[in-house]
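Contents: one structure, followed by commentary.
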Amino acid sequence: MDTSSQRALLNELDPSALAEKDREETKELPELPNASIGKVVTRFAPNPDYVLHLGNARPAVLSYIYGKEIYRGKMILRFEDTDPRIKRPLPEAYIQIKEDLRWLGVKWDEEYIQSLRMEIYYDLAKKLMEVSGAYIDLCSQEEFRKYRSSRKPCPHRERSPEDNLELFDKMLSGHFGEGEAVVRVKTDLNDPDPSIVDWVAFRIIDTDRYPHPLTGDRYIVWPTYNFASAVDDKLMGVTHILRAREHQQNTKKQIYLYRHLGWRYPEVIHFGRLKLQGFILSKSRIKKLTERYPDRFSGPNDPRFGTLAGLRERGILAETILEIVRDVGIKPTDASISWDNIAALNRKKLDYRSRRLMYVEDPVKICIEDAPRELSSIEARYHPDNDKLGSRILKLIDNDGKLCVYVSRSDIDRLLGGGDSAKVRFMELANVEVYRSGENGAAARYISRDLDDAKRMRLKIIQWVGSNSVNAIVKYPVGLRFRVSRGLIEDSILGLNDHVYQLVRYGFVKVLRKTPKGAVLLYIHE
RNA sequence: GCCGCGGUAGUAUAGCCCGGCCAAGUAUGCGGGCCUUUCGAGCCCGUGACCCGGGUUCAAAUCCCGGCCGCGGCACCA
C-alpha cells in the first residue's frame with residue numbers, strides 16, 4: 001500500500017490522527033542528559049597560549065548558555081597552563097581571553113589557574129599510587145612503546161605503592177631529569193586503542209630552561225592535560241563537560257582515572273569544529289603571519305583573522321557570534337560557516353541602529369541645468385525608519401549659479417551604457433536626465449523632485465554628495481589583502497561619533513580613523 | 001596502518017534514540033513580487049536536500065549489513 005492510500009484509509013478509520021501539529025517557532029538547544037535546574041556546573045578550560053578564535057567560542061558559549069541561561073547553575077573558567085615547554089602560556093593571553101569572553105557576554109562564577117594548583121595535583125598523584133592506580137615508569141619512550149605494542153606490562157608496573165611514593169618524592173626533589181621518569185595511570189593493557197594504554201599523568205619539565213610565566217622554576221613535575229583536567233572537573237564539581245570531538249579519546253583515558261579513585265565521571269558532550277570560510281582560525285598560522293609581517297597585520301586582532309578580537313575589529317557583533325554558536329548547536333559534525341551567513345545575521349542587527357551616509361566612489365561632477373534654487377540645500381533623515389537617528393543638511397555645489405553634485409563614475413557608466421542619455425533619481429534630491437557632455441563627462445537636466453514621479457518612471461535611484469563632503473578611503477578585506485576604494489563621503493561623518501554606518505548602496509562600514517580632511521573606513525559587509 | 005565519530009538543499013541546522021503525523025521544517029543564499037531614502041531592512045511567493053547499494057518491515061531519513069566520502073585521535077600538547 002502506498003502512502004496516499006494509507007492516508008486515505010487512516011482518514012476513514014481515525015481522522016484525528018491526521019490533524020496538524022503545531023511546530024515550534026524558535027530553535028532550541030536540546031536538553032542535557034541528567035540535568036536539572038540549578039544543579040548544572042559547566043566549565044570552559046582554555047589554554048592561555050594564545051587568544052580565542054571563533055572555534056573556541058563554541059565550547060565557551062555553549063558552556064555558558066547551558067550552565068547559566070538554561071539550567072541556572074554555575075560556570076567555571078579554568079586556565080589550563082600546565083605545559084611551560086611546548087604550549088608555553090602567554091601572560092597577555094590570560095587577560096585577553098577574559099576580555100574576549102566578557103565581550104561575548106559569557107559570565108563565569110569561579111576562576112582557576114592550574115599552574116597555581118600544583119600541590120593539589122601532587123596530593124592526588126600520591127593518593128592514586130596508594131590505591132595502585134598509577135606507577136612511576138623509568139623506561140625510555142621507545143622502551144615503553146615496545147611493551148605497549150605487544151600488550152605487555154612494563155617492568156615498573158607492579159611496583160609497590162611505597163616504592164612508587166618514594167620514587168615520586170625523588171621526582172619532585174629533582175633527582176630525575178627530563179624524560180627519565182613519568183607517572184603513568186594504569187589502564188586495561190588490552191584496550192583496543194593503544195594510545196590510551198597506561199597514559200602519562202606527570203612528566204618532568206626543566207623549568208630552568210623553560211620557566212613558567214606564572215611560577216617560574218618552582219615546579220619541575222608537571223601534570224598532563226588529562227590528569228589536571230580530569231582531577232579539576234571532579235574537584236570543582238563539574239557535572240557536564242561540553243568540549244570538541246578531539247577530546248573523545250581523552251574522555252576514555254580520564255575514565256580510567258576516575259575508576260581508580262571511585263569517582264563518577266561527568267556527562268560529556270563532544271561536538272565538532274566550527275570553521276569560518278575564508279578566514280584563518282589556526283593559532284599557529286596567525287602567530288606566524290603576525291610575527292613574520294609585523295607591519296602588514298595589526299596583530300591577532302587584525303580584522304582579516306578569525307580570532308574573536310579580529311571579528312570584533314571587523315564589525316561583527318557579539319550577538320551575531322552567540323546566534324551562530326546557538327544555531328550550530330551540539331552536533332558532533334564539523335560546521336563551516338560562510339561569510340554570507342555571518343554577514344546576513346550581523347546586517348540584521350546593525351541595520352536599525354546604523355545611520356545612512358552617501359559615499360561616492362571615483363566621483364564625477366555633474367551639473368544640473370534648470371535646477372530650482374531650493375535644491376541648493378536639502379534636509380534628509382539619517383535612517384528611513386528610525387527617526388531617533390535624526391537628519392542632516394546636504395548642500396549642492398554652486399558652480400557659477402549652476403547646482404552640481406558628485407556621483408560615482410561606475411553609476412554613470414552603467415546608466416548611460418551605450419546610449420547618450422538616461423533618466424535617474426538622485427536620492428532624496430531630484431529626478432534628472434543625465435547625458436554625455438565634454439570629454440568623459442556628463443551633465444544633467446532637471447525633470448522633477450517628486451519621488452512618486454521617479455516611481456512612475458521606474459527610475460533607478462543613486463547616491464551622490466554635494467559641497468559638504470570630504471575624502472574617504474574604504475579598506476575592503478579580501479582574503480589576506482585589502483582592496484582600497486577612494487571617494488567622497490558626506491562631511492557629517494566628521495561630527496558624528498558612530499562607529500558603524502551604512503553607506504547607501506555600498507554596504508556597512510566601520511570608522512577606523514578620522515582627520516579634518518576625511519575618514520578611513522573598514523568595509524564590514526553589504 | 002590502527003582506534004573512534006559522522007554523512008539531510010550552495011551553507012548551517014531540525015527530524016534519527018522511540019519507523020508511519022516527513023511527497024522532509026527553519027535560517028541564509030538564489031529567483032520573483034510588494035513596500036521603501038538604497039543593490040539595505042521588512043512582508044509575500046517560489047527554488048533547492050535524506051551519500052550509494054542491499055536487507056528487515058504493510059511502511060525506512062529513521063533499524064541492520066556492506067561500500068564510498070569526510071573528520072578526529074594514535075604526544076612525556078591542550
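Small disclaimer: the values here were computed from a predicted structure and weren't measured. A note on names: the letters A, B, ... follow the listed sequences, proteins ahead of strands, and every chain is numbered from 1.
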*By nearest nucleotide on RNA chain B, pick out whichever of A:D411 and A:I86 is the more 5' one.*
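Between the two, 5'-proximity favours A:D411.
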*When the nearest nucleotide of RNA chain B is assigned to A:V200 and to A:F508 on a heavy-atom basis, which residue is associated with the more 5' position?*
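This one resolves to A:F508.
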Determine the Euclidean distance between corresponding [atom1] atoms of [M] and [N]; express it in Å to zero decimal places.
{"N": "B:rU47", "M": "B:rU62", "atom1": "P", "answer": "25 Å"}
{"N": "B:rG31", "M": "B:rC21", "atom1": "C1'", "answer": "32 Å"}
{"N": "B:rC64", "M": "B:rC71", "atom1": "C1'", "answer": "24 Å"}
{"N": "B:rA27", "M": "B:rG72", "atom1": "C1'", "answer": "28 Å"}
{"N": "B:rC51", "M": "B:rC69", "atom1": "C1'", "answer": "8 Å"}
{"N": "B:rA61", "M": "B:rG7", "atom1": "C1'", "answer": "12 Å"}
{"N": "B:rG73", "M": "B:rA78", "atom1": "P", "answer": "14 Å"}
{"N": "B:rG4", "M": "B:rU56", "atom1": "P", "answer": "28 Å"}

*Report yes if the distance between the aromatic ring centroids of A:F79 and A:Y112 is under 6.0 Å, otherwise no.*
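Aromatic pair excluded; centres sit 6.0 Å or further apart.
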_Please classify the nucleic acid contact of A:Q248 as base, sugar-phosphate, or nothing, using heavy-atom distances under 4.0 Å._
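Since only primed, P, OP1 and OP2 atoms lie under 4.0 Å of A:Q248, the category is sugar-phosphate.
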*Have a look at A:T82 and say if it touches a base, only the backbone sugar-phosphate, or nothing, with a 4.0 Å heavy-atom cut-off.*
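Result for A:T82 = sugar-phosphate.
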*Look at the side chain of A:Q502 and the base of B:rU38, then say whether one donor and one acceptor between them are separated by less than 3.5 Å.*
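Result: at least one qualifying N/O pair found.
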Would you say the side-chain atoms of [X] pair up with the backbone N or O of [Y], donor to acceptor, closer than 3.5 Å?
{"X": "A:R353", "Y": "A:K349", "result": "yes"}
{"X": "A:R425", "Y": "A:R449", "result": "yes"}
{"X": "A:H53", "Y": "A:I280", "result": "no"}

*Let me see the working for A:F508 and A:H525 under ring pair (Phe, Tyr, Trp, His ring centres under 6.0 Å), right down to the final yes or no.*
CA-CA 6 Å; A:F508 288 86; A:H525 47 60; 5.5 Å; yes
*Roughly how far, to the nearest 0.5 Å, is the NZ atom of A:K234 from the OG atom of A:S229?*
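Result: 14.5 Å between the selected atoms.
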_Given B:rC76, B:rA27, B:rA78, identify the nucleotide with an atom nearest to the side chain of A:R85._
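Nucleotide nearest to A:R85's side chain: B:rC76.
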*B:rC34 C1' sits how many Å from A:R458 CZ, rounded?*
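In whole Å, B:rC34 C1' and A:R458 CZ are 11 Å from each other.
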_A:R151 atom CZ: more than 12 heavy-atom contacts under 6.0 Å_ =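 Counting other residues, nucleotides and ligands, CZ of A:R151 exceeds 12 neighbours.
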*Does A:Q249 make a side-chain N or O approach to OP1 or OP2 of B:rC74 shorter than 4.0 Å?*
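For B:rC74, neither OP1 nor OP2 has a side-chain N or O of A:Q249 closer than 4.0 Å.
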Using nucleotides 67-71 of chain B, report all nitrogen or oxygen pairs with the protein that are shorter than 3.5 Å.
from	atom 1	to	atom 2	distance (Å)
B:rC71	O2'	A:R245	NH2	2.3
B:rC71	O2'	A:D334	OD2	3.1
B:rC71	O2	A:R245	NH2	3.3

